[in-house]
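Please read the structure below before turning to the comments.
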Amino acid sequence: MDIAFAQREKLHGLILKAISDAVEAGDLTSYEVPEFVLEVPKDPNHGDFASNVALVSAKAARRAPRDVAEALVKHIPVGTFIAKVEVAGPGFINFFLSQEWLGDILRAVEMQGENYGASNYGQGEKVLLEFVSANPVGPLNVVNARAAAVGDTLARLMRASGYQVGTEFYVNDAGNQADVFARSLIARCHQQADPDYPFPEDGYPGDYVTDLAKQLLAERPDFLELPEDEQAAFCKRWGTDQMVKWQAEDLRDYGVEFDLWFRERDLHAQGKLEEVIAFFREKGYLYEEEGALWFRSTAFGDDKDRVLIKSDGLYTYVTADIAYHHDKLKRGYTKLIDILGPDHHGYIGRMKAAVQALGHGEDTLEVLILQYVALLRDGKPVKMSKRAGEFITMRELVDEVGTDAARFFFLNRSLESHLDFDMSLAVEQSSENPVFYVQYAHARICSILRQAEEVGVAVPTTADVDLSLLSEEAEVNLIKKLGELPEEILLATTLREPHRIARYALDLASTFHSFYTHCHVLGEEAPVRDARLVLVNCVLIVLRRTLSLLGISAPEQM
RNA sequence: GCGCCUGUAGCUCAGGGGAUAGAGCAUCGGACUUCUAAUCCGAGUGCCGCAGGUUCGAUUCCUGCCAGGCGCGCCA
């Protein structure tokens with residue numbers, strides 16, 4: 001159990017007890033207590049914790065909020081735990097805790113170390129997180145980069161919160177687009193010998209296809225002599241495999257590794273689509289119309305029915321996607337989270353319908369929609385034309401601004417924000433870049449600890465020092481900030497808002513930098529020095545923890 | 001026409017129904033003989049898109065409108 005929750009639980013209990021005591025003493029008439037909040041106020045003058053219990057109780061208790069608050073405060077014991085309690089504003093109850101709890105925070109950080117802020121909230125529930133899932137027909141783009149950063153950090157957060165998380169990248173290597181890609185590749189192969197060979201009108205124009213063609217011919221000099229259908233089959237398989245390999249490398253260099261790259265073609269090969277069709281047929285969810293086989297998804301809340309088998313006898317992508325989600329469920333996952341781009345929001349209804357038709361609850365599938373990324377250079381939009389094959393790839397973005405900066409930029413915004421990513425800002429003003437601000441705090445602490453070691457001063461533990469010496473405002477603020485991480489992790493996890501952690505990292509770094517200018521560590525009298533060494537060491541642990549959740553490096557020197 | 005997202009300081013964005021709406025950048029002014037000045041301290045700026053509604057209380061929730069981005073295939 002972590003410290004912030006323990007404090008809150010305790011206060012929660014004290015408030016409930018105060019209500020019943022107040023009723024018993026006749027200060028309040030009995031009423032049903034509504035949900036109320038205990039929060040860390042923005043303004044430190046409002047205490048360490050504040051509650052709106054009197055405000056939300058006003059109606060049921062039929063008293064003015066401030067009257068309710070006054071009645072409750074009379075019954076809240078002040079002593080070793082609570083130093084002071086007061087009524088403020090429209091009827092808030094502000095709690096000022098005694099110094100002791102600050103020590104509890106440092107002890108918790110020291111004890112839990114790199115796992116600080118972890119919990120068992122998820123109780124081992126199996127969650128499958130699917131993200132990126134770009135088609136294997138080209139390089140990853142910047143929205144993919146955003147999805148990768150968000151999905152990866154969400155996975156790290158959910159693991160920290162006690163979920164058993166699997167991450168997967170679904171590879172559409174069996175559909176129409178893979179065929180178009182194969183035809184493009186074949187044409188580029190022919191063009192090596194015959195520059196006039198026609199290129200498919202809907203083909204993929206990027207130079208990478210030509211590069212791939214050259215590589216193919218080097219590996220298979222006999223390729224052009226193969227029968228056409230064999231060329232197509234080879235290109236579809238070999239070509240998409242190459243693209244997957246390429247995408248996986250780019251993602252690995254970006255700090256993102258998937259537990260599984262799931263191939264659509266495996267679903268086909270193993271008859272998983274037929275399985276789903278048979279199951280739906282048996283349940284009576286299918287009907288035929290105009291030569292196609294339809295899924296009555298409207299019976300499960302979708303806005304229109306969906307074709308599963310086209311009139312030409314081929315499956316639609318929906319069928320494969322249903323089979324894939326069916327497979328996830330059969331592997332024991334009880335929660336499926338898909339992170340998609342904004343162009344796929346229409347997909348939510350049909351897939352939620354499918355999961356319900358497969359016999360699972362409405363909330364089993366959760367779809368998070370990311371918004372677009374607009375790349376800017378010098379404040380002006382970067383021109384991107386998919387048709388002309390001109391777009392900034394994830395690789396180029398990362399090469400230009402670095403993995404740490406790229407991940408931080410993406411993770412510092414909420415999912416639904418339409419993100420303006422100014423590359424020149426991220427590069428040219430690198431010293432002003434927020435990610436360096438956080439990393440610099442880490443490097444500064446490392447420097448202090450290095451120098452302490454050089455003069456033979458070891459970092460003590462909380463048990464060795466007098467923590468009450470940490471009483472300067474800058475010190476107290478820093479300790480309180482450390483205490484906030486566990487709650488932030490849990491909120492970021494449950495609300496699926498990883499950007500909270502990036503914000504927290506900036507906050508913590510800022511609080512530390514302020515401490516650094518106001519308080520020296522080395523050179524102080526031994527008792528103060530030692531207490532501060534304990535403090536900065538705890539900050540180091542929490543900064544590392546935070547950066548590791550974000551997938552960003554923690555350099556020891558800058 | 002229908003659906004999703006967005007509209008908050010000059011710019012980029014935070015704000016889980018609460019107290020005087022915040023941060024960074026940009027602008028201006030201070031602080032390095034002392035653990036890294038990639039830092040710190042201070043200053044100014046807001047019809048929270050508009051109009052209603054719910055509430056003791058709305059930037060937050062609901063409805064309608066306005067503006068911008070993106071979708072609405074037997075493509076994926």
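Below, chains carry the letters A, B, ... as their sequence lines are ordered, and counting in each starts from 1. Excluded from the calculations below are hydrogen atoms, water molecules and symmetry mates; all remaining heavy atoms, backbone and side chain alike, are included.
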How far does the [atom1] atom of [N] sit from the matching atom of [M], given to the nearest Å?
{"N": "B:A43", "M": "B:G49", "atom1": "C1'", "answer": "29 Å"}
{"N": "B:G69", "M": "B:A26", "atom1": "P", "answer": "29 Å"}
{"N": "B:C2", "M": "B:C48", "atom1": "P", "answer": "29 Å"}
{"N": "B:C62", "M": "B:A58", "atom1": "C1'", "answer": "11 Å"}
{"N": "B:A14", "M": "B:G24", "atom1": "P", "answer": "16 Å"}
{"N": "B:G44", "M": "B:G29", "atom1": "P", "answer": "16 Å"}
{"N": "B:C28", "M": "B:C61", "atom1": "C1'", "answer": "41 Å"}
{"N": "B:U59", "M": "B:G16", "atom1": "C1'", "answer": "14 Å"}

Counterpart base for [N], defined by Watson-Crick or G-U wobble contacts under 3.5 Å:
{"N": "B:G64", "result": "B:C50"}
{"N": "B:G1", "result": "B:C72"}
{"N": "B:A26", "result": "none"}
{"N": "B:A21", "result": "none"}
{"N": "B:A14", "result": "none"}

Base, sugar-phosphate, or nothing for [X], non-hydrogen atoms under 4.0 angstrom?
{"X": "A:S133", "result": "nothing"}
{"X": "A:S417", "result": "sugar-phosphate"}
{"X": "A:A443", "result": "base"}
{"X": "A:R306", "result": "nothing"}
{"X": "A:Y372", "result": "sugar-phosphate"}

(message) Salt bridge check, A:D507 against A:R503: does any charged N sit closer than 4.0 Å to a carboxylate O?
(response)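 Looking at A:R503 and A:D507, the cut-off is not met.
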
(request) For the pair A:R263 and A:D241, find out whether any cationic side-chain nitrogen is under 4.0 Å from an anionic carboxylate oxygen. (result)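 Yes, A:R263 and A:D241 are salt-bridged.
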
(message) Let's see if you can work this out: which of B:C40, B:A19, B:C35 has an atom nearest to the side-chain heavy atoms of A:V521?
(response)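 Of all the options, the side chain of A:V521 is nearest to B:C35.
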
(request) Could you check which of B:A19, B:C75, B:A38 has an atom nearest any side-chain atom of A:F436? (result)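 Per side-chain heavy atoms of A:F436, the pick is B:A38.
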
[X] [atom1] to [N] [atom2], straight-line distance once rounded to whole Å:
{"X": "A:F515", "N": "B:C41", "atom1": "CZ", "atom2": "C1'", "result": "17 Å"}
{"X": "A:E288", "N": "B:C74", "atom1": "CD", "atom2": "P", "result": "16 Å"}
{"X": "A:H345", "N": "B:G3", "atom1": "NE2", "atom2": "C1'", "result": "4 Å"}

If I take atom [atom1] from residue [X] and atom [atom2] from residue [Y], how far apart are they, to the nearest 0.5 angstrom?
{"X": "A:Q177", "Y": "A:D202", "atom1": "CD", "atom2": "CG", "value": "10.0 Å"}
{"X": "A:F169", "Y": "A:E130", "atom1": "CZ", "atom2": "CD", "value": "9.0 Å"}
{"X": "A:L478", "Y": "A:L535", "atom1": "CG", "atom2": "CG", "value": "4.5 Å"}

(message) Give me syn or anti for B:C66, where syn covers glycosidic angles within 90 degrees of 0.
(response)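 Anti conformation here, the glycosidic angle of B:C66 being more than 90° from 0.
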
Can you see if the side chain of [X] gets near the phosphate of [N] - specifically, an N or O under 4.0 Å from OP1 or OP2?
{"X": "A:S514", "N": "B:C41", "answer": "yes"}
{"X": "A:R444", "N": "B:A37", "answer": "yes"}
{"X": "A:H499", "N": "B:G15", "answer": "yes"}
{"X": "A:K304", "N": "B:C2", "answer": "no"}
{"X": "A:Y347", "N": "B:G73", "answer": "no"}

(request) Could you check whether A:H418 and the base of B:C5 form a stacked pair, meaning centres closer than 5.5 Å and planes differing by less than 30°? (result)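 No, A:H418 does not stack on the base of B:C5, since the centre distance and plane angle fail the 5.5 Å and 30° test.
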
(request) Could you check whether A:Y437 and the base of B:A38 form a stacked pair, meaning centres closer than 5.5 Å and planes differing by less than 30°? (result)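 Ring-base stacking flag not set for A:Y437 and B:A38.
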
(message) When you compare the side chains of A:S57 and A:Y31, does any donor N or O come within less than 3.5 Å of an acceptor on the partner?
(response)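 Indeed, the side chains of A:S57 and A:Y31 share at least one donor-acceptor pair under 3.5 Å.
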
Would you tabulate the nitrogen or oxygen pairs shorter than 3.5 Å linking the protein to nucleotides 56-62 of chain B?
unit_1: B:C56; atom_1: OP1; unit_2: A:K59; atom_2: NZ; d: 3.2

(message) Measuring centre to centre across the rings, with the benzene-like ring taken for any Trp, is A:H442 within less than 6.0 Å of A:F512?
(response)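 Between A:F512 and A:H442, which both carry aromatic rings, the centre distance is not below 6.0 Å.
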
(message) If you take the centroid of each ring, where Trp contributes its six-membered ring, are A:F300 and A:Y285 closer together than 6.0 Å?
(response)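 Between A:Y285 and A:F300, the centre distance is under 6.0 Å.
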
(request) Please check if atom CD in A:E274 has more than 12 non-hydrogen atoms from other residues, nucleotides or ligands closer than 6.0 Å. (result)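 Yes, because the 6.0 Å sphere around CD of A:E274 holds more than 12 heavy atoms from other groups.
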
